[in-house]
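Every chain is numbered from 1 and lettered A, B, ... according to where its sequence line falls, protein lines coming before strand lines. A quick note: this is a predicted structure, and the numbers were derived from the prediction, not measured.
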Number of protein chains: 2
Amino acid sequence: MAKRSIAADVPADELLKLENQMCFPLYACSKEVVRRYTPYLDKLGLTYTQYLVMLALWEYGPTTVGELGERLYLDSGTLTPLLKKMEAKGLLERKRNAGDERRVTIELTDEGVALKERARDVPLSMGACVGITPGEGAELVRLLQKVLSNVRDSREG
Amino acid sequence: MAKRSIAADVPADELLKLENQMCFPLYACSKEVVRRYTPYLDKLGLTYTQYLVMLALWEYGPTTVGELGERLYLDSGTLTPLLKKMEAKGLLERKRNAGDERRVTIELTDEGVALKERARDVPLSMGACVGITPGEGAELVRLLQKVLSNVRDSREG
DNA sequence: TGCAATTTAATTGCATACCATTGTATAGCA
DNA sequence: TGCTATACAATGGTATGCAATTAAATTGCA
């Protein structure tokens with residue numbers, strides 16, 4: 001038995017099967033779950049990404065574009081037009097920071113704050129249709145966060 | 001103690017925290033993993049979605065747009081332009097099915113088939129940077145497929 | 001102080017994704 | 001056969017996402 005990594009002995013045929021990779025179930029599951037949110041979020045007038053922005057603002061309060069992007073893993077190319085649309089809808093305000101003109105402060109309007117109550121049911125409805133036990137959910141989140149953390153670390157390495 | 005679901009007793013503040021939801025780690029992890037593929041796929045001249053199409057074609061052989069979409073959870077609005085680009089690059093051919101003119105058959109060219117060998121290293125490289133054990137990987141895939149299956153079922157219900 | 005390096009958003013360009021609609025082709029039935 | 005319903009891919013419109021670049025502001029150092 002040659003001293004090789006296990007993977008080196010596996011033929012390309014096996015390695016390249018859709019089911020044998022983690023990435024495809026991850027990609028497909030993420031898309032389908034997001035899609036499943038749509039009917040609930042439509043009632044609130046939000047897209048999925050806009051919903052994430054609202055979650056972050058409800059939880060952490062006023063922030064900057066950069067902070068928001070770090071938290072949600074989104075860059076300014078995505079956030080800037082998104083935030084402008086949300087501002088146009090009256091959910092939040094974008095203001096150049098007085099102390100540091102490079103920064104733009106994002107702050108919810110009263111309407112944006114009020115939307116939180118109507119959003120309350122969204123996680124409950126979604127929880128009902130993922131159909132896994134709380135224990136499984138916790139394990140899934142743990143594994144996802146582990147992968148997320150490792151993938152990010154290996155980027156700078 | 002009133003007879004209510006557990007969730008009904010949890011305040012909106014807790015329910016709506018980013019970390020308390022499965023959707024956000026799922027969404028973020030998927031995006032970051034896909035992003036991490038980019039440098040490897042660049043060498044093959046493929047985008048991530050194009051890579052998925054190639055995986056499906058390498059594994060299952062010639063197919064139709066509809067079949068491909070079912071397998072990859074993509075619709076014709078995404079696939080048609082994608083496949084046209086891949087055809088222009090010489091990776092595959094799109095032909096109207098002789099027996100049923102509604103269908104378009106997708107088939108790899110020799111060049112498309114040959115690319116498989118060069119793609120062999122991609123799963124190995126990616127496997128190295130997700131940094132979880134084979135056991136954890138298997139559990140993660142199992143849970144993702146369970147959620148995927150449940151989310152899809154609840155759509156028609 | 002004055003200038004180079006850095007930080008921060010915004011912009012541009014490219015590639016998905018999904019929904020709804022359209023147009024062509026086939027199937028199924030009166 | 002002829003008409004309607006269905007199936008399928010393509011199209012058009014909207015919304016992300018990311019990389020690379022730009023532009024303005026601030027920092028830090030000579």
Just call it for [X]: base, sugar-phosphate, or nothing, with non-hydrogen atoms closer than 4.0 Å on any strand.
X: B:Gly66; answer: sugar-phosphate
X: A:Asp75; answer: base
X: A:Gly99; answer: sugar-phosphate
X: B:Thr38; answer: nothing
X: B:Thr49; answer: sugar-phosphate

What is the separation between atom [atom1] on [X] and atom [atom2] on [N], rounded to the nearest whole Å?
X: A:Arg36; N: C:dC18; atom1: CZ; atom2: P; value: 15 Å
X: B:Arg152; N: C:dC18; atom1: CZ; atom2: P; value: 10 Å
X: A:Arg94; N: C:dT11; atom1: CZ; atom2: P; value: 8 Å
X: A:Glu101; N: D:dT27; atom1: CD; atom2: C1'; value: 16 Å
X: B:Lys85; N: D:dA10; atom1: NZ; atom2: P; value: 14 Å
X: A:Leu46; N: D:dA15; atom1: CG; atom2: P; value: 12 Å
X: A:Tyr48; N: C:dC19; atom1: OH; atom2: P; value: 16 Å
X: A:Leu79; N: D:dT16; atom1: CG; atom2: P; value: 10 Å

Measuring only between side-chain heavy atoms, which start at C-beta, is B:Val65 closer than 4.5 Å to B:Ile106?
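They are in side-chain contact.
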
Would you call the rings of B:Tyr37 and B:Tyr51 parallel, tilted or perpendicular if under 30° counts as parallel and over 60° as perpendicular?
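Ring orientation, 0 to 90° scale: tilted.
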
Between A:Leu83 and A:Tyr27, which is nearer to the 5' end of DNA chain C once each is assigned its nearest nucleotide?
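By nearest-heavy-atom nucleotide position, the 5'-most residue is A:Leu83.
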
Using the closest heavy atom to pick a nucleotide of DNA chain C for each, name whichever of A:Val104 or B:Leu74 lands nearer the 5' end.
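The residue whose closest nucleotide sits nearer the 5' end is A:Val104.
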
Applying a 3.5 Å limit to both distances, which nucleotide forms a Watson-Crick or G-U wobble pair with C:dA20?
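Here C:dA20 is engaged in a pair, and the nucleotide opposite it is D:dT11.
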
Whether [X] contacts [N] is assessed here as follows: a side-chain N or O lying under 4.0 Å from the phosphate OP1 or OP2. Is that the case?
X: B:Thr80; N: D:dT11; answer: no
X: A:Arg96; N: D:dA24; answer: no
X: A:Lys84; N: C:dA9; answer: no
X: A:Arg35; N: C:dA17; answer: no
X: A:Lys31; N: D:dG17; answer: no

For B:Glu70, I'd like to know if atom CD has over 12 heavy atoms of other residues, nucleotides or ligands within 6.0 Å.
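No, because the 6.0 Å sphere around CD of B:Glu70 holds 12 heavy atoms or fewer from other groups.
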
Kindly say whether, by distance alone, the side chain of B:Arg102 makes a donor-acceptor pair under 3.5 Å with the base of C:dT24?
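Per atom types, no contact qualifies.
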
Donor-acceptor pair (no angle test) under 3.5 Å: A:Ser76 side chain, C:dA10 base:
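Between C:dA10 and A:Ser76, which were checked side chain against base, a qualifying N/O pair under 3.5 Å is present.
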
Closer than 4.0 angstrom, basic N to acidic O: yes or no for A:Arg94 and A:Glu87?
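Counted as a salt bridge, because a side-chain N and a carboxylate O are separated by less than 4.0 Å.
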
Please check if any side-chain donor atom of B:Lys85 sits under 3.5 Å from a side-chain acceptor atom of B:Gln50, or the reverse.
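B:Gln50 and B:Lys85 do not have a side-chain donor-acceptor pair below 3.5 Å.
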
Ring centroids only, cut at 6.0 angstrom: are B:Tyr48 and A:Tyr27 within range, meaning strictly under it?
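Between A:Tyr27 and B:Tyr48, which both carry aromatic rings, the centre distance is below 6.0 Å.
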
Of the candidate nucleotides D:dG17, C:dA9, C:dT16, which contains the atom at the shortest distance from the side chain of A:Val65?
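Shortest atom-to-atom distance from the side chain points to C:dA9.
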
Starting at the 5' end of DNA chain D and moving along, which residue's nearest nucleotide shows up first, A:Thr47 or B:Arg103?
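The answer here is B:Arg103.
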
